[in-house]
2 protein chains.
Amino acid sequence: MAVAQRPGADHCGVAAAMAVIDGKWKVSVLWELERCPRRFGELRRLVPGVSEKVLAAQLRELETDGVIHREVYEQVPPRVEYSLTPLGRDLNTALEALGEWGTKYLLPDSA
Amino acid sequence: MAVAQRPGADHCGVAAAMAVIDGKWKVSVLWELERCPRRFGELRRLVPGVSEKVLAAQLRELETDGVIHREVYEQVPPRVEYSLTPLGRDLNTALEALGEWGTKYLLPDSA
DNA sequence: CGGCATCCCCAAGGATACTG
DNA sequence: CAGTATCCTTGGGGATGCCG
């Protein structure tokens, strides 16, 4: 999303997390990787609508942020697999709380 | 942030939550309101960097989404107070999980 | 005080083509 | 297959001014 960064503010942890998942497709990618490691092409298909350029860019950022791992298998044709790091798994767990809230929020009238 | 919406996908709850907090200052606002209700001008000061236009717009969206309540006191000068709804408090709780992850993530090397 | 209206800008993202 | 390179579009947000 783009979250205001206020160093020192007591919500900076949230801001940091938001910065990591800031990107239109990152949560979807994280979610898909939760099930199992995936190749680039698989992710393209699993995350409909994302372009190659943007998927590659966001994967790089997620890798830089240490939430996913990029494994290159030297073969022909090339094979690259992306997987969650332990940190990434923790992030997904934290996102689940948000997911539960969202599901509850979506209900027209909940109990 | 702007999160890909994939109706039917099993992460749609997360997407819904992300949509609600999508806005550069929304999390900060939510955070400030956690402590106590705040007036418009207070929020401006508490959330440094936000413009009047954008603050007003994001407050409207948060209100539309049912996470904050807008109370207008008919006085001169005008007085408007914003507060969290129960739904908003739940959202903040869910965000705390993310905040804890973020804090952990920020540590150079954690135990 | 608490806004809304207007104009502007720029970075994130989309489309397409090309490459190791 | 798994990307880069290039060009282009969009809209969220910044700055400023006016109003009840």
Side-chain angles (χ1 to χ4, degrees), chain A residues 1-6 15 17-30 32-33 36-65 67-83, chain B residues 1-6 15 17-30 32-33 36-65 67-83:
Chain A
M1 54 167 275
V3 170
Q5 280 286 5
R6 288 192 286 150
M18 298 289 287
V20 172
I21 58 176
D22 185 7
K24 192 169 178 179
W25 312 99
K26 287 186 183 174
V27 175
S28 297
V29 168
L30 253 20
E32 294 301 339
L33 294 183
C36 63
R38 297 289 191 183
R39 303 180 56 172
F40 185 86
E42 285 183 294
L43 287 173
R44 272 216 72 186
R45 266 170 272 116
L46 289 167
V47 183
V50 67
S51 70
E52 291 181 355
K53 183 194 102 175
V54 174
L55 178 58
Q58 307 212 345
L59 284 169
R60 294 293 184 183
E61 293 182 11
L62 289 170
E63 187 193 5
T64 298
D65 286 327
V67 292
I68 68 172
H69 172 71
R70 180 168 180 269
E71 184 73 33
V72 181
Y73 299 89
E74 296 296 349
Q75 311 175 348
V76 183
R79 176 186 183 85
V80 180
E81 273 193 359
Y82 296 90
S83 56
Chain B
M1 58 174 268
V3 171
Q5 282 284 3
R6 289 191 286 149
M18 300 289 288
V20 171
I21 58 176
D22 185 7
K24 190 170 179 180
W25 312 99
K26 287 186 184 175
V27 175
S28 297
V29 168
L30 254 19
E32 293 302 339
L33 294 182
C36 62
R38 296 291 190 182
R39 300 180 57 173
F40 186 84
E42 285 184 294
L43 287 174
R44 274 215 69 185
R45 266 170 273 119
L46 290 167
V47 183
V50 68
S51 70
E52 292 180 353
K53 183 194 102 175
V54 174
L55 177 57
Q58 307 211 346
L59 284 169
R60 294 294 185 181
E61 292 181 10
L62 290 170
E63 187 193 5
T64 298
D65 286 327
V67 293
I68 69 173
H69 172 69
R70 181 169 179 268
E71 184 73 33
V72 181
Y73 298 90
E74 296 296 349
Q75 312 175 347
V76 183
R79 176 186 182 84
V80 180
E81 273 194 0
Y82 295 89
S83 56

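First the proteins, then the strands, lettered A, B, ... as listed; each starts at 1. Heavy atoms only: backbone and side chains are in, while hydrogens, waters and symmetry mates are out.
The interatomic distance linking A:Gln75 (CD) with D:dG3 (C1') rounds to 16 Å, in whole Å. In this structure, the CZ atom of B:Arg44 is 12 Å from the P atom of C:dG3, given to the nearest Å. Look at CE on A:Met18: it is 15 Å from P on D:dG12, rounded to the nearest Å. As rounded to whole Å, 7 Å separates atom P of D:dG3 from atom CG of A:Leu59. One interatomic measurement links the two molecules: CZ of A:Phe40 to C1' of C:dG20, which rounds to 15 Å at whole-angstrom precision. Whole-Å rounding puts the B:Glu42 CD to C:dG3 P distance at 13 Å. In this structure, the CD atom of A:Glu71 is 13 Å from the P atom of D:dA2, given to the nearest Å. Distance CD (A:Glu74) to P (D:dC1): 17 Å, rounded to an integer number of Å.
From B:Tyr82, atom OH reaches atom CD of B:Glu63 across 7.0 Å, with rounding to the nearest 0.5 Å.
Considering only side-chain atoms of B:Val54, the nucleotide from C:dG14, D:dA2, D:dG13 that sits closest is D:dG13. You'll find that the side chain of B:Ala56 is closest to C:dG3, out of C:dG3, C:dG13, D:dG14. In the set C:dC4, D:dG14, C:dG2, C:dG2 carries the atom at the smallest distance from any side-chain atom of B:Pro78.
At the heavy-atom level, A:Tyr73 lies nowhere under 4.0 Å from the strands shown. A:Gln58 comes within 4.0 angstrom of sugar-phosphate atoms only, judged by non-hydrogen atoms across all strands, and of no base.
Phosphate contact (OP1/OP2 of C:dC1, side-chain N/O of B:Arg38, threshold under 4.0 Å): absent. Phosphate proximity of C:dG3 to B:Arg60: present, with a side-chain N or O under 4.0 Å from OP1 or OP2. For D:dC1, the OP1/OP2 oxygens have no side-chain nitrogen or oxygen of A:Arg45 closer than 4.0 Å. Applying the 4.0 Å criterion to OP1 and OP2 of C:dG2, one finds that B:Arg39 has a side-chain N or O inside that range.
Using a 4.5 Å heavy-atom cutoff, the side chains of B:Leu59 and B:Arg70 are not in contact. Taking 4.5 Å as the limit, some side-chain heavy atom of A:Ile21 sits within range of a side-chain heavy atom of B:Met18.
Residue-to-nucleotide proximity on DNA chain C shows that, of B:Lys53 and B:Gly41, the 5′-proximal contact is made by B:Gly41.
Nearest approach of B:Arg38 to B:Leu46, heavy atoms of both residues: NE-CD1, 3.4 Å.
With hydrogens and angles ignored, the 3.5 Å screen pairs no side-chain donor or acceptor of A:Glu81 with any backbone N or O of A:Pro37.
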